[in-house]
K.L.:
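Take this structure, written in structure tokens, and hold onto it; I'll ask about it next.
Counting from 1, the numbers follow the sequence of the chain as shown. Every value quoted in this text rests on a predicted model; they were computed, and no experiment measured them.
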Amino acid sequence: MLDQIHLLAAVTVLGALEQAYFFLQVIYARREFGVSPPKISGPPEFERIFRAQVNSSEYFPIFLAVLWQAGLFFHQGLAAALGLLYLYARYCYFTGYRASSSERLTPIYFSAGVLWVLIAASALGILHFFLSHYVGLNILQLLTA
């Protein structure tokens with residue numbers, strides 16, 4: 001069983017570490033710019049870091065859900081590779097947004113595209129499971145025949 005999920009688990013841990021890194025960057029920015037909690041506004045430099053972290057946190061549950069669904073129902077290796085691409089794009093988004101709000105655009109579009117591919121892989125994998133398990137229709141056999 002573990003050999004079927006180890007790549008997904010590794011990407012999940014990397015994602016959690018990335019989220020922790022983003023959280024720490026907000027803490028450091030609060031200290032640097034003198035923005036005490038619960039305030040969320042301050043100099044533009046702080047607000048960009050804060051917004052990048054919040055946005056990344058908002059998408060993280062969606063990412064985890066489709067990562068695991070795509071990995072369990074479609075293909076673990078493909079899902080893990082897409083997961084790594086997503087995490088890299090999110091890191092680029094964070095660092096780009098930290099520098100300038102315009103530098104966040106390319107990485108956010110790329111990460112959204114990767115997320116849509118994960119969603120598609122999840123949906124196809126789940127559809128294949130339902131059709132083969134409940135209807136007895138194996139799409140893969142039909143495509144290769």
Side-chain angles (χ1 to χ4, degrees), residues 1-135 137-140 143:
M1 163 84 179
L2 292 179
D3 61 331
Q4 297 172 353
I5 62 169
H6 66 285
L7 297 176
L8 301 174
V11 172
T12 299
V13 170
L14 288 174
L17 290 171
E18 182 177 69
Q19 289 296 306
Y21 172 78
F22 295 161
F23 294 146
L24 288 172
Q25 295 310 300
V26 172
I27 291 169
Y28 299 148
R30 283 188 179 282
R31 291 178 186 155
E32 180 180 350
F33 298 109
V35 180
S36 299
K39 290 182 184 177
I40 58 171
S41 61
E45 296 84 359
F46 168 77
E47 289 182 6
R48 287 195 309 266
I49 293 168
F50 180 78
R51 192 62 220 142
Q53 182 269 320
V54 169
N55 184 272
S56 296
S57 294
E58 290 168 345
Y59 278 87
F60 194 61
I62 297 167
F63 163 69
L64 286 179
V66 295
L67 170 74
W68 279 85
Q69 289 172 4
L72 293 174
F73 288 97
F74 193 80
H75 190 275
Q76 178 189 204
L78 177 65
L82 289 168
L84 290 174
L85 273 176
Y86 178 84
L87 294 177
Y88 176 72
R90 272 297 165 169
Y91 178 78
C92 291
Y93 164 79
F94 187 90
T95 58
Y97 205 171
R98 167 183 238 153
S100 164
S101 61
S102 63
E103 290 188 40
R104 79 190 195 288
L105 296 176
T106 300
I108 195 70
Y109 294 145
F110 183 75
S111 67
V114 173
L115 205 55
W116 279 110
V117 173
L118 281 169
I119 290 169
S122 298
L124 288 172
I126 292 168
L127 176 65
H128 176 262
F129 175 81
F130 279 127
L131 289 176
S132 64
H133 191 73
Y134 293 109
V135 180
L137 180 63
N138 189 334
I139 298 171
L140 296 178
L143 294 174

K.L.:
Quick check: closest heavy atoms across F94 and A52, and the distance to 0.1 Å?
P.N.:
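Of all heavy-atom pairs spanning F94 and A52, the closest is CD1-CB, 3.5 Å.
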K.L.:
Heavy-atom count check: over 12 atoms from other residues, nucleotides or ligands less than 6.0 Å from Y91 OH?
P.N.:
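It does not: Y91 OH has 12 such atoms or fewer within range.
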K.L.:
Could you tell me which residues satisfy side-chain hydrogen bond (donor to acceptor under 3.5 Å, both in side chains) with Q53, sequence neighbours excluded, listed by chain and number?
P.N.:
S57
K.L.:
Here's one to test your reading of the geometry: is the NZ or CZ of R31 within 45 degrees of the ring axis of Y28 and under 6.0 Å from its centre?
P.N.:
no
K.L.:
Quick check on Y59: does its OH atom have over 12 non-hydrogen neighbours (other residues, nucleotides or ligands) under 6.0 Å away?
P.N.:
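Not more than 12 within 6.0 Å, no.
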K.L.:
The criterion is side chain to side chain contact (heavy atoms under 4.5 Å, CB included); which residues satisfy it with L7, sequence neighbours excluded?
P.N.:
Q76, A80
K.L.:
At what distance, to the nearest 0.5 angstrom, does CG of L67 lie from OH of Y86?
P.N.:
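Spacing of CG (L67) from OH (Y86) equals 10.5 Å.
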K.L.:
When rounded to the nearest 0.5 angstrom, what is the spacing between CZ in F23 and OG in S56?
P.N.:
9.5 Å
K.L.:
Without swapping roles, check the side chain of R104 against the backbone of G96 for a donor-acceptor pair under 3.5 Å.
P.N.:
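Checked: no pair found.
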K.L.:
State the CD-CD1 distance between E32 and I49, to the nearest 0.5 angstrom.
P.N.:
7.0 Å
K.L.:
Does CD1 belonging to I40 count more than 12 external heavy atoms closer than 6.0 Å?
P.N.:
no
K.L.:
Sequence neighbours left out, what passes ring-ring contact (aromatic ring centres under 6.0 Å, His included) with F129? Give chain and number order.
P.N.:
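Counting only residues at least two positions away or on another chain, F129 forms a ring-ring contact (aromatic ring centres under 6.0 Å, His included) with F73, H133.
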K.L.:
Which heavy-atom pair separates A29 from F46 by the least distance, and what is that distance?
P.N.:
CB-CD1, 3.8 Å
K.L.:
Among residues at least two apart in sequence or on other chains, which ones pass side chain to side chain contact (heavy atoms under 4.5 Å, CB included) with L72?
P.N.:
I5, L8, W68
K.L.:
Taking R30 for the side chain and F50 for the main chain, is one N or O donor matched with an acceptor at less than 3.5 Å?
P.N.:
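Judged by distance alone, no pair lies under 3.5 Å.
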K.L.:
What residue pairs, at least two apart or across chains, pass salt bridge (Lys or Arg N to Asp or Glu O under 4.0 Å) with a residue in residues 40-63?
P.N.:
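Applying salt bridge (Lys or Arg N to Asp or Glu O under 4.0 Å) to every pair that reaches into residues 40-63, excluding sequence neighbours, yields R51-E58.
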K.L.:
Just how far is it from atom OG of S111 to atom CG of L118, taken to the nearest 0.5 Å?
P.N.:
11.0 Å
K.L.:
Just how far is it from atom CZ of F110 to atom CG of L115, taken to the nearest 0.5 Å?
P.N.:
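Reported value, rounded in 0.5 Å steps: 12.0 Å.
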K.L.:
Show the nearest heavy-atom pair for residues A70 and S122, with the distance to one decimal.
P.N.:
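Closest approach of A70 to S122: N-OG, 3.2 Å.
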K.L.:
Closest heavy-atom contact between F63 and G83?
P.N.:
CE1-CA, 3.7 Å
K.L.:
Y88: what forms a side chain to side chain contact (heavy atoms under 4.5 Å, CB included) with it, not counting sequence neighbours?
P.N.:
C92
K.L.:
Identify the two heavy atoms, one from E18 and one from L87, that lie closest to each other, and give their separation to 0.1 Å.
P.N.:
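The answer is OE2-O, 2.7 Å.
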K.L.:
Quick one: CG on N55 to CZ on F22, what's the gap to the nearest 0.5 Å?
P.N.:
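It is 10.0 Å, given to the nearest 0.5 Å.
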